[in-house]
Amino acid sequence: MSRRRALITGIPGQDGSYLADLLLSKGYEVHGIVRRTAIEDTEHKLKNLRHILGQIHLHVVSLDNVLSMIKLVKDLQPDECYHLAASSFVSYSFEDEISILNNNVNSTHYLLAAIKEFAPHCRVYFAGTSEMFGNAEIEPQDERTPFNPRSIYGISKVASYHLVKNYRQQYGMFACTGILYNHESPRRGYEFVTRKIVSMAVRIKLGLQESLQLGNLDAFRDWGYTPDYVNAMWLMLQADLPDDYVVASGETHSVREFVESAFSYLGLDYQKHVKMDPKLFRPAEKVRLCGNPGKIMEKLNWKRTVTFQEIVKEMIANEMKIQGNG
Ligand code: GDD
């Protein structure tokens with residue numbers, strides 16, 4: 001039997017790289033879409049893929065160019081496509097709304113249209129987010145909770161979710177949205193709060209800086225472990241029927257708790273170093289998000305394997321390894 005072929009958009013990111021690891025371990029032929037700038041600077045831009053560069057196939061394709069997407073899909077005939085690429089840092093979406101909305105929605109639309117026409121057997125996963133719930137009035141949120149996005153990023157994801165649903169219902173495509181809550185790992189980008197906290201806490205520990213400025217310490221997030229969440233993506237495409245699922249830990253923790261744990265693993269008292277900076281607060285942010293993963297646990301037998309405390313510990317240990325040697 002020939003190997004199953006997967007195409008991942010956003011493969012260099014945290015999720016894309018863990019998903020590539022998972023699919024390789026399952027015997028897939030793994031293809032990924034990257035920007036030209038990534039190929040020109042593999043050392044930095046493809047650092048999450050360094051250990052598997054010889055085992056995957058990278059294609060320089062622009063997600064805003066429908067013709068190049070069509071050509072790739074037609075030539076490659078993937079069995080599964082995971083659409084993870086997007087501008088995903090919520091704060092940037094307040095600064096550059098127009099291009100973020102256009103790029104995030106158009107890339108999803110182009111990909112769905114290309115697959116419908118030229119590889120209709122291909123199963124599609126779309127990366128949705130808890131930001132789609134935005135200012136949700138219900139807690140915990142589940143698949144029936146009304147969307148109420150509070151950022152352009154969230155709006156772009158809600159629009160893409162409806163495109164995915166429409167292609168599933170109108171054209172019978174096997175297309176699913178995973179509504180993923182925050183998920184963290186040693187490969188998390190430095191702009192996100194968990195990586196910012198661990199990297200700065202380690203710098204403080206090493207005497208390289210004195211203090212850390214953060215936004216709202218009393219924001220609550222539902223934090224999970226990224227390898228568990230890419231497993232959920234894969235499970236969705238192995239199901240008998242396409243559907244949408246919330247992927248969450250079911251627990252909510254404050255940024256303050258994350259800070260306190262990270263600093264205490266290093267033997268530090270966070271109150272001596274951490275300062276709240278109102279400039280880092282987000283406009284109209286929902287400060288409490290918590291998901292209910294009941295549906296995916298029951299229907300696809302998914303479960304998380306790593307706790308909040310274990311995530312903090314692993315991220316600190318990794319950061320000590322990077323900075324302690326550097
Ligand atoms: N980044 C950042 N920097 N966030 C801060 C800071 C800070 O200095 N101080 C407090 N926060 C708070 C944010 O206001 C937010 O409530 C929380 O920390 C988490 O922020 P991020 O780590 O930037 O993640 P996010 O919740 O905005 O979004 C992440 O998760 C979503 C899924 O729930 C991203 O991965 C999104 O792409 C993803 O969709």
Side-chain angles (χ1 to χ4, degrees), residues 10 13-16 18 83-95 100 103-104 108 126-136 139-141 145 147-158 160-161 177-185 187-201 211-226 228-230 232-233 245-260 262 270 273-293 308 311-312 315:
Q14 171 190 235
D15 293 14
Y18 279 112
H83 180 36
L84 312 183
S87 297
S88 64
F89 184 44
V90 176
S91 275
Y92 293 158
S93 82
F94 298 109
E95 292 159 17
I100 286 180
N103 295 345
N104 285 0
T108 310
F126 168 65
T129 160
S130 55
E131 290 296 312
M132 289 156 58
F133 294 125
N135 203 15
E139 187 183 315
Q141 301 85 38
T145 305
F147 296 134
N148 193 7
R150 298 302 290 268
S151 62
I152 286 292
Y153 167 71
I155 293 170
S156 77
K157 291 286 184 175
V158 171
S160 295
Y161 160 91
T177 297
I179 304 174
L180 269 55
Y181 281 66
N182 297 47
H183 41 285
E184 316 299 316
S185 74
R187 296 186 201 164
R188 191 54 146 150
Y190 287 93
E191 65 273 40
F192 299 96
V193 78
T194 56
R195 188 70 186 271
K196 178 175 173 181
I197 294 165
V198 296
S199 68
M200 296 301 160
S211 65
L212 162 60
Q213 313 282 330
L214 288 169
N216 189 1
L217 289 180
D218 298 309
F220 281 75
R221 286 291 181 271
D222 178 328
W223 273 297
Y225 185 55
T226 304
D228 286 342
Y229 286 42
V230 300
M233 299 175 188
Y245 297 89
V246 161
V247 185
S249 73
E251 284 174 15
T252 186
H253 296 270
S254 65
V255 173
R256 188 184 299 280
E257 274 176 85
F258 195 103
V259 170
E260 198 171 0
Y270 85 93
H273 303 279
V274 175
K275 299 191 172 63
M276 275 217 246
D277 178 351
K279 286 200 290 298
L280 296 171
F281 277 58
R282 292 185 186 164
E285 179 181 64
K286 169 77 179 170
V287 292
R288 214 182 144 89
L289 278 169
C290 183
N292 173 2
F308 174 79
I311 297 169
V312 183
M315 290 181 74

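Remember, it's 1-based here, ligands and their atoms both numbered in the order they're listed. None of these values were measured; they are calculated from a predicted model. Numbers here simply count residues along the sequence, with the first being 1.
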Which is it for Phe281 and ligand 1 at heavy atoms under 4.0 Å: side chain, backbone, both or neither? neither
Check whether any side-chain heavy atom of Gln141 sits under 4.5 Å from a side-chain heavy atom of Leu289, and report yes or no. yes
For Thr129 and Met132, indicate whether the former's side chain and the latter's backbone hold a donor-acceptor pair under 3.5 Å. no
Which atoms from ligand 1 have a heavy atom of Val255 less than 4.0 Å away? 12 (C), 18 (O)
Leu214 contact mode with ligand 1 (heavy-atom cut-off under 4.0 Å): both
Could you tell me which atoms of ligand 1, counted from 1 in the order shown, lie closer than 4.0 angstrom to a heavy atom of Glu191? 1 (N)
Strictly below 4.0 Å, N to O, side chains only: are Lys196 and Glu191 in salt-bridge contact? no
Does ligand 1 have a heavy atom under 4.0 Å from the side chain of Phe192, from its backbone, from both, or from neither? both
Min heavy-atom dist Phe220 to ligand 1 below 4.0 Å: no
So for Arg188 against ligand 1, with non-hydrogen atoms under 4.0 Å, the contacting part is side chain
Quick one: does Val312's side chain get under 4.5 Å of Phe258's, heavy atoms only? yes
Could you list which atoms of ligand 1 come closer than 4.0 Å to a heavy atom of Asn216? 9 (N), 10 (C)
Are any non-hydrogen side-chain atoms of Val274 and Leu217 less than 4.5 angstrom apart? yes
I'd like to check which ligand 1 atoms, numbered from 1 as shown, lie under 4.0 Å from a non-hydrogen atom of Ser130. 32 (C), 33 (O)
Determine whether Ile197 and Val193 make a side-chain contact, defined as any pair of heavy atoms from C-beta on separated by less than 4.5 Å. yes
Sequence-distant partners of Lys279, salt bridge (Lys or Arg N to Asp or Glu O under 4.0 Å), two or more places apart: Asp277
I want to know if ligand 1 touches Trp223 in the polar sense, i.e. an N/O pair below 3.5 angstrom. no
If only side-chain N and O atoms count, and only distance matters, is there a donor-acceptor pair under 3.5 Å linking Gln14 with Ser185? yes
Interatomic distance, Leu280 atom CG to Leu214 atom CG [nearest 0.5 angstrom]: 7.5 Å
Please state which part of Leu217 comes within less than 4.0 Å of ligand 1, counting heavy atoms only: side chain, backbone, both or neither. neither
Does ligand 1 come near enough to Gly215 that some N or O of the ligand is less than 3.5 Å from an N or O of the residue? yes
Nearest-option assignment for atom 3 (N) of ligand 1, heavy atoms, candidates Val193, Asn182, Asp222: Val193
Do Asp222 and Thr252 have a side chain donor and acceptor closer than 3.5 Å? no
Under 3.5 Å, is there a donor-acceptor pair between the side chain of Arg256 and the main chain of Asp218? no
Considering both backbone and side-chain atoms of Lys196, is one of its nitrogen or oxygen atoms within less than 3.5 Å of a nitrogen or oxygen in ligand 1? yes
Sorted by chain and number, sequence neighbours left out, side chain to side chain donor-acceptor pair (under 3.5 Å) with Asp228 holds for Thr305
Looking at Tyr181, which atoms of ligand 1 are within less than 4.0 Å of one of its heavy atoms? 32 (C), 33 (O)
Is there any N or O on Ala219 that sits under 3.5 Å from an N or O of ligand 1? no
Using a 4.0 Å heavy-atom threshold (strictly under), name the region of Lys157 that reaches ligand 1: side chain, backbone, both or neither. neither
Thr129: numbered ligand 1 atoms lying under 4.0 Å from its heavy atoms: 31 (C), 32 (C), 33 (O), 38 (C), 39 (O)
Is there a polar contact, in the sense of an N or O pair closer than 3.5 Å, between Thr194 and ligand 1? no
So is Gln213 polar-close to ligand 1, meaning N/O to N/O under 3.5 Å? no
Contact between ligand 1 and Glu184 is defined here as a heavy atom of the residue under 4.0 Å from a ligand atom; is it met? no
